[in-house]
Amino acid sequence: MNLKKIFAGMFGSNDPKYRTAKPWEMIFAGGTSAAKMAFYVLMMYASYAMNAGFGIAVTVTGIIIQAKTIFDGVTDPVVAVIYDRLPVFKHIGKIRLFLLIGWATCSIAALLMFRILAGKFSGIAGIVVFCLVYALFVIGYTIMSIGGASTISSALTNDPKQRPFVTFVTTVYQYIGPILVNTILAFAVLPKYDNQYNVESLSEACVIFIITAFIFVMFSFIGLHRIDTPEILGEMVAMGGKQTKVGIKEIVNIFKENVPMRCYLVTGITDKIASNSATQTIVLTMLNGILIANYKAATMITNAGTIISFVFVFLGGVYIAKKGVKVATKVWSAVNIFINIAIFAFLLYLGPTGMAQIGKGGVVMMVYVVFTMGVNASKMILNVAEGMMRADVIDYELERSGNYMPGTVGAVYSLTEKIIASFGSTIAAVAVAAIGYKTVMPQMGDAATWPIFWVTVILTYGFPILGWLCNIIAMKFYELDYDRVAEIQENIAEMKKQKRK
């Protein structure tokens with residue numbers, strides 16, 4: 001194995017036509033992904049806050065979460081237009097400004113939801129107050145997302161050797177955030193409250209999650225210090241001339257004319273609607289707390305499998321850098337399908353009561369760890385490919401229309417993805433209600449039954465297969481292979497030269 005070749009992505013191509021980043025910048029800049037995921041994990045417990053803190057019935061929580069996600073998607077274009085129109089400020093930049101405002105807004109909303117207002121409202125008042133607080137959080141999360149995920153990877157570098165490394169680091173952060181906060185929750189918070197999700201345990205967790213998010217946002221501040229300036233980011237926004245003015249016309253035009261964007265939408269949306277169903281807290285509770293019946297052991301298995309899989313994801317990033325996003329997405333979607341079918345069969349062999357063996361050690365646990373590692377690694381590689389796909393689509397739009405609109409491209413994707421993927425939470429809520437959880441949420445210690453088994457395993461390992469099949473189909477129409485992306489960068493470099501003349 002040629003380690004020098006593997007790590008070459010950190011240093012770039014040494015080609016003047018590319019904009020390269022320093023290794024430490026790429027390592028720190030992606031920290032905002034962990035911050036976002038800390039808030040994302042916290043909001044996975046929103047259904048428990050609704051039920052225990054605001055007296056809202058389980059069946060209503062699914063409707064509120066879906067409405068929240070649709071509202072989330074609607075706010076994206078609004079925030080994106082503001083973001084793409086704003087200049088790059090001298091001392092705070094533009095990306096860092098949005099990250100800070102987004103973190104502060106999310107933190108205020110989280111404190112109101114889990115600490116300050118929890119237990120003080122019920123009935124109609126509880127629904128109204130909760131929805132208002134939830135809306136505030138959505139706005140903050142959108143601001144943070146537009147300034148972070150939609151911009152950082154494309155702003156740091158356009159070097160094809162560096163982009164897989166940037167996206168790999170970002171993907172690692174996406175998993176580090178949940179691993180960190182979930183481990184703290186499982187081992188330091190929940191045991192104090194008899195392993196129950198209630199107002200007290202979530203109130204304490206809220207503060208921990210907010211502090212964790214702030215630390216990772218500061219990581220991004222360090223990594224973006226040089227690039228998030230009028231001299232570098234400002235020049236990209238203006239393309240050497242007048243700053244791009246973004247509006248509804250440009251957004252509609254992206255839908256109509258940017259075919260790779262539509263392919264990107266299909267791959268992202270179908271994956272997200274499946275993963276949203278699988279990662280709902282109620283589904284994870286049934287998997288880890290009821291079927292495996294050992295939440296701590298299941299958390300450690302997931303963490304171990306994820307950390308070990310980082311090595312394979314790094315090698316997957318090297319594969320993507322060599323073959324391009326199009327080939328990598330098709331190959332790893334097929335790998336994901338195979339692994340999920342295998343683990344589905346393994347769990348079916350164990351059955352609802354047999355899955356408790358996973359938490360007791362031995363051969364069964366080791367087999368599950370191997371499967372978990374394979375699932376996490378293959379999904380993370382697809383996440384790396386998706387992050388590169390977004391950056392390539394942004395550059396394609398710059399070449400096509402002359403507009404550098406990372407916020408708008410991200411918002412168009414996010415709007416469509418969130419509206420459709422929002423059904424993931426509704427699917428999970430309806431499925432759980434159908435097996436008897438209509439007024440209370442599943443809790444650790446509930447009896448493991450076949451209905452719980454089928455709902456949990458199908459949502460976790462069966463449903464995502466449909467998304468990966470859609471990925472394979474979408475890539476047949478995606479034109480941005482390795483050679484086409486290199487051609488785009490050459491054309492953009494020539495456009496900049498012409499603008500400066």
For atom CZ of F338, is the number of surrounding heavy atoms from other residues, nucleotides or ligands below 6.0 Å larger than 12?
-> no
Where do N294 and G359 come nearest, in terms of heavy atoms and distance?
-> ND2-O, 3.4 Å
Would you please test I492 and Y396 for side-chain contact (heavy atoms from CB on, under 4.5 Å) and show each step?
-> CA-CA 9 Å; I492 290 174; Y396 174 83; over 6 Å; no
Might you point out which heavy atoms bring Y461 and N340 nearest each other, and give the distance in Å?
-> O-ND2, 2.9 Å
Heavy-atom nearest pair, I381 first then I320, reads O-CD1, 3.7 Å
Please tell me if the side chains of Y437 and I282 come closer than 4.5 Å, counting only heavy atoms from C-beta onward.
-> no
Those residues that, when tested against N491, pass side-chain hydrogen bond (donor to acceptor under 3.5 Å, both in side chains) (two or more places apart) = E399
For the student: nearest non-hydrogen atoms of S378 and I339, plus distance | OG-CD1, 3.9 Å
Please lay out, stage by stage, how W468 and W332 fare under the test side-chain contact (heavy atoms from CB on, under 4.5 Å).
-> CA-CA 9 Å; W468 295 319; W332 288 100; over 6 Å; no
Hey, does L480 have a side-chain heavy atom less than 4.5 Å from the side chain of I488?
-> yes
Is there a side-chain contact (heavy atoms from CB on, under 4.5 Å) between N336 and N471 once you walk through the steps?
-> CA-CA 11 Å; N336 268 290; N471 289 357; over 6 Å; no
Hey, does F371 have a side-chain heavy atom less than 4.5 Å from the side chain of L347?
-> no
Looking at side-chain heavy atoms only, is the closest gap between T212 and F216 below 4.5 Å?
-> yes
Would you indicate whether the side-chain heavy atoms of F71 and T75 approach each other to under 4.5 Å?
-> yes
Please state whether the rings of F209 and Y45 are parallel, tilted or perpendicular, taking 30° and 60° as the class boundaries.
-> perpendicular
Taking only residues two or more places apart in sequence, or in another chain, which ones meet D395 in a salt bridge (Lys or Arg N to Asp or Glu O under 4.0 Å)?
-> R163
For A29, does its backbone N or O pair with a side-chain atom of S220 as donor and acceptor, under 3.5 Å?
-> yes
Rounded to the nearest 0.5 Å, how far apart are CD of E479 and CG of D392?
-> 11.0 Å
What distance separates E257 CD from E397 CD, expressed to the nearest 0.5 Å?
-> 9.0 Å
Determine whether L202 and M113 make a side-chain contact, defined as any pair of heavy atoms from C-beta on separated by less than 4.5 Å.
-> no
Between the main-chain N or O of G351 and the side-chain N or O of W450, is there a donor-acceptor pair closer than 3.5 Å?
-> no
A213 versus A38, closest heavy-atom pair with distance = CB-CB, 4.3 Å
Sequence neighbours left out, what passes side-chain hydrogen bond (donor to acceptor under 3.5 Å, both in side chains) with T157? Give chain and number order.
-> Q162
From I95 CD1 over to T32 OG1, what is the distance, rounded to the nearest 0.5 angstrom?
-> 10.0 Å
Quick one: does M286's side chain get under 4.5 Å of F453's, heavy atoms only?
-> no
Can you name the nearest heavy-atom pair linking V189 to S201, along with the distance?
-> CG1-O, 3.5 Å
Please answer whether the main-chain N or O of Y478 pairs with a side-chain N or O of K326 as donor and acceptor at a distance below 3.5 Å.
-> yes
Is the W24 ring parallel, tilted or perpendicular to the F28 ring (thresholds 30°, 60°)?
-> perpendicular
Are side-chain heavy atoms of K330 and K323 found at a separation under 4.5 Å?
-> no
Sorted by chain and residue number, the side-chain hydrogen bond (donor to acceptor under 3.5 Å, both in side chains) partners of Q443 (sequence neighbours excluded) come out as none
dist M365:CE -> Q357:CD (nearest 0.5 Å) comes out at 11.0 Å
Rounded to the nearest 0.5 Å, what's the gap from OH on Y264 to CE on M388? Could you check?
-> 12.5 Å
Only pairs under 3.5 Å count here: list side-chain donor-acceptor contacts from residues 175-185, not counting sequence neighbours, and write none if there are none.
{"from": "Y175", "atom 1": "OH", "to": "N383", "atom 2": "ND2", "distance (Å)": "3.3"}
{"from": "N182", "atom 1": "ND2", "to": "P178", "atom 2": "O", "distance (Å)": "3.2"}
{"from": "T183", "atom 1": "OG1", "to": "I179", "atom 2": "O", "distance (Å)": "2.6"}
{"from": "T183", "atom 1": "OG1", "to": "N303", "atom 2": "ND2", "distance (Å)": "2.6"}

Roughly how far, to the nearest 0.5 Å, is the CG atom of L287 from the CD1 atom of I358?
-> 7.5 Å
side-chain hydrogen bond (donor to acceptor under 3.5 Å, both in side chains) involving Y173 - partner list, sequence neighbours excluded | none
